Q: 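Structure incoming, see below.
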Amino acid sequence: MLYLILVPLFFIVMILYFRIADHYNIIDHPNERSSHTEVTIRGGGVIFLFAALTGLVIHADFWMLILGLFIIGTISFIDDRITLSGKIRILFHLLAVTLLFLFLGTFDEFSWWISVALYIIVIGIINAYNFMDGINGITGLYSLVVLGGIQYVNYYVIKFIEPDMIWLPMLAAIVFLFFNFRKRAKCFAGDVGSVTVAFWIIFLLLKLIIISGNYLYILFLGVYGVDTVLTIIHRLGLKQNIFDAHRLHFYQILANEQKWSHLLVSTMYASIQLGIIVAIIFLPLNFVSMFLVIILPLVGAYVIIKPRIMTKK
């Protein structure tokens, strides 16, 4: 019953945001990194912040997590409007991740050096998720698949969290996709969307890994991870500044150089990740075997196919 109320409410929030964004000129102009050519409303990912606010109303005991989510989401929304320095962004990211770790009890669970490594890994994943948000549908669809996989594990493998805390971002992703999964998107997620949903997914995966002791669940982000890491290596080989805007991700080559439909590329990424999630849940393989079975084909496809399609006219 609750979700029958929330679905129209989420749509109303999105429509109200469109009016606000139109009034205050919150729009995305195409640039050298963009895979689109038209001016579009930016920041549609605020729906994930509204979903978090709803989560706070339903489960007040998650206040520390949601505070961290709002901190990182708000600074990302501001960055969507006015470009902030990297030092300011990283400061707020550190604050948000610290609240996440306090909520999860990470500092008690792990030694200090593992906690330091987790800061680097978590902030790196958040930024990678943001970099991967470059074509219509990719953030919403990929996130929906990952969240769906986590929810399946929560129901049928190991109960680790209240289902609402997974259903809410899934609902937000579905509503967002209604406006974004189009040839001509009504809105883009913006940093506020990609960063906020990344923070939420990382929280869920960390909690799941801590409770289950199964590190394979990190491969629920395997497709994004391989594309991001190998693209960084590629850019380092080209002696490029990896923090500058670019269009060298595998999905960008497909969408820009090869002129594949954005929706096709987004569906392909989500479908491959879905297959990986199914394998992790159902195949009786140990960590090393599963890691190799999943990662090696992704790396091979990237290394073999990308150079060819970059030069093919």
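Residue numbers count from 1 along this sequence. What you see is a predicted model; the values in this text were computed from it and never measured. All values below come from the heavy atoms of this structure, side chains included, with hydrogens, waters and symmetry mates left out.
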Q: L91, L69: one ILVMFWY side-chain cluster at the under-4.5 Å cut-off?
A: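 Different clusters.
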Q: Once you round to the nearest 0.5 Å, how far does CG of L99 lie from CG of L94?
A: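 The distance works out to 11.0 Å.
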Q: How far apart are the closest heavy atoms of F181 and S266, and which atoms are they?
A: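 It is CE1-CB, 4.5 Å.
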Q: Under the side chain to side chain contact (heavy atoms under 4.5 Å, CB included) rule, what do L118 and F107 come out as? Steps first, then yes or no, please.
A: CA-CA 10 Å; L118 281 174; F107 299 117; over 6 Å; no
Q: Is the Y152 ring parallel, tilted or perpendicular to the Y156 ring (thresholds 30°, 60°)?
A: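 Rings of Y152 and Y156: tilted, as their planes differ by 30° to 60°.
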Q: Between L263 and R182, is there a side-chain heavy-atom distance shorter than 4.5 Å?
A: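 No - every pair of side-chain heavy atoms lies 4.5 Å or more apart.
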Q: Run the numbers on R42 and V192 for side chain to side chain contact (heavy atoms under 4.5 Å, CB included), then give the verdict.
A: CA-CA 9 Å; R42 190 174 195 177; V192 61; over 6 Å; no
Q: Under a 4.5 Å cut-off applied to non-hydrogen side-chain atoms, are E109 and I114 in contact?
A: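 Heavy-atom side-chain distance check fails, nothing below 4.5 Å.
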Q: Search all heavy atoms of G44 against all heavy atoms of C187 and return the closest pair with its distance.
A: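 Taking G44 first and C187 second, the nearest heavy atoms are CA-SG, 4.0 Å.
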Q: Would V7 end up clustered with V57 when hydrophobic side chains under 4.5 Å apart are linked, directly or stepwise?
A: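 Cluster IDs for V7 and V57 differ.
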Q: Quick one: CE on M268 to OG on S261, what's the gap to the nearest 0.5 Å?
A: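 Between M268 CE and S261 OG, I get 11.0 Å after rounding to 0.5 Å.
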Q: Provide the closest heavy-atom pair for D244 versus R235 in the form atom of the first, atom of the second, distance.
A: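 Distance-wise, the nearest heavy atoms are O-NH1, 3.2 Å.
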Q: Measure the shortest side-chain to side-chain distance between V223 and Y142 over non-hydrogen atoms and say whether it is less than 4.5 angstrom.
A: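 Yes, their side chains come closer than 4.5 Å.
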Q: Are Y215 and L298 connected into the same hydrophobic cluster when the rule is that any two of I, L, V, M, F, W, Y join if their side-chain heavy atoms are below 4.5 Å apart?
A: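 The answer is yes; both residues are in one hydrophobic cluster.
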Q: Any donor-acceptor pair under 3.5 Å linking the side chain of K239 with the backbone of L236?
A: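 Judged by distance alone, no pair lies under 3.5 Å.
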Q: Should the ring pair F291 and F287 be called parallel, tilted or perpendicular, given that the plane angle runs from 0 to 90° and is split at 30 and 60?
A: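 Parallel, since the angle between the ring planes stays under 30°.
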Q: With side chain to side chain contact (heavy atoms under 4.5 Å, CB included) as the criterion, how do Y251 and T231 come out once you've worked through the C-alpha distance, each side chain's angles and the decisive distance to 0.1 Å?
A: CA-CA 11 Å; Y251 78 88; T231 298; over 6 Å; no
Q: Starting at CD of Q252, measure out to CZ of R247 and round the result to the nearest 0.5 Å.
A: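 The distance works out to 7.5 Å.
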Q: Are side-chain heavy atoms of I58 and L2 found at a separation under 4.5 Å?
A: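 Heavy-atom side-chain distance check passes, below 4.5 Å.
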Q: Hey, does F77 have a side-chain heavy atom less than 4.5 Å from the side chain of I26?
A: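 Counting from C-beta outward, I26 and F77 do come under 4.5 Å.
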Q: Under 4.5 Å between side-chain heavy atoms, counting indirect links through other Ile/Leu/Val/Met/Phe/Trp/Tyr residues: same cluster for L206 and V116 or not?
A: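 L206 clusters together with V116.
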Q: Please say whether more than 12 non-hydrogen atoms of neighbouring residues, nucleotides or ligands are located less than 6.0 Å from CD1 in I304.
A: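 It does not: I304 CD1 has 12 such atoms or fewer within range.
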Q: Give the minimum heavy-atom separation between A21 and I41, together with the two atoms involved.
A: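 For A21 versus I41, the nearest heavy atoms are CB-CG2, 3.6 Å.
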Q: Among the clusters formed by ILVMFWY side chains lying less than 4.5 Å apart, do Y24 and I47 turn up in the same one?
A: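 Per the 4.5 Å side-chain linkage, Y24 and I47 are co-clustered.
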Q: Would you indicate whether the side-chain heavy atoms of I71 and I75 approach each other to under 4.5 Å?
A: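 Result no, sub-4.5 Å side-chain heavy-atom pair not found.
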Q: If you measure from CG on N130 to CD1 on I125, what distance do you get to the nearest 0.5 Å?
A: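 So the CG of N130 and the CD1 of I125 are separated by 13.5 Å.
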Q: Do T139 and M132 have side-chain heavy atoms sitting under 4.5 Å apart?
A: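 When only atoms from C-beta onward are counted, M132 and T139 do not touch, as no gap falls below 4.5 Å.
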Q: Using the benzene-type ring in the case of Trp, are the ring centres of Y129 and Y224 under 6.0 Å apart?
A: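 That pair passes the under 6.0 Å test.
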Q: Report yes or no: does Q258 contribute a side-chain atom to a donor-acceptor pair with the main-chain N or O of I309 at less than 3.5 Å?
A: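 Such a contact is found between Q258 side chain and I309 backbone.
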Q: Decide yes or no for M14 and F178: does some side-chain heavy atom of the first lie under 4.5 Å from some side-chain heavy atom of the second?
A: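 No, their side chains stay 4.5 Å or more apart.
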Q: Going through the distances and angles, do K186 and N180 end up as a side chain to side chain contact (heavy atoms under 4.5 Å, CB included)?
A: CA-CA 6 Å; K186 175 71 175 177; N180 178 256; over 6 Å; no
Q: How far does CD1 of I280 sit from CG of L283, to the nearest 0.5 angstrom?
A: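 If I round to the nearest 0.5 Å, the distance is 9.5 Å.
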Q: Tell me, which pairs form a salt bridge (charged side-chain N to carboxylate O under 4.0 Å, His left out) where one or both residues lie in residues 85-94, sequence neighbours left out?
A: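 Of all non-adjacent pairs touching residues 85-94, those that pass salt bridge (charged side-chain N to carboxylate O under 4.0 Å, His left out) are D79-R89.
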Q: Measure the acute angle between the ring planes of F48 and F176, then classify it against the limits of 30° and 60° as parallel, tilted or perpendicular.
A: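 Plane angle between 30° and 60°, so tilted.
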Q: Please give me the minimum heavy-atom distance between W200 and P169, naming the atom from each residue.
A: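 In terms of heavy atoms, the two residues are closest at CZ2-CD, 3.4 Å.
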Q: Looking at OG of S143 and CD1 of I174, how far apart are the two atoms once the value is rounded to the nearest 0.5 Å?
A: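 Going from the OG atom of S143 to the CD1 atom of I174 covers 12.0 Å.
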Q: Can you classify the ring geometry of Y269 versus F250 as parallel (below 30°), tilted (30 to 60°) or perpendicular (above 60°)?
A: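 Taking F250 first and then Y269, their aromatic rings sit tilted (interplane angle of 30° to 60°).
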Q: Assess the pair F50 and Y17: is the distance between their ring centroids shorter than 6.0 Å?
A: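 They do not qualify: ring centres at least 6.0 Å apart.
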Q: Considering non-hydrogen atoms only, spot the tightest contact between D61 and F103 and give its length.
A: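 That closest heavy-atom pairing would be O-CE1, 3.5 Å.
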Q: Output, in order, the C-alpha distance, side-chain angles, deciding distance and verdict of side-chain hydrogen bond (donor to acceptor under 3.5 Å, both in side chains) for D164 and Y3.
A: CA-CA 10 Å; D164 291 333; Y3 293 101; 2.5 Å; yes
Q: Using modelled atom types only, decide if a donor and an acceptor are shared between the side chain of N127 and the backbone of I123 within a distance under 3.5 Å.
A: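 Confirmed, N127 side chain pairs with I123 backbone.
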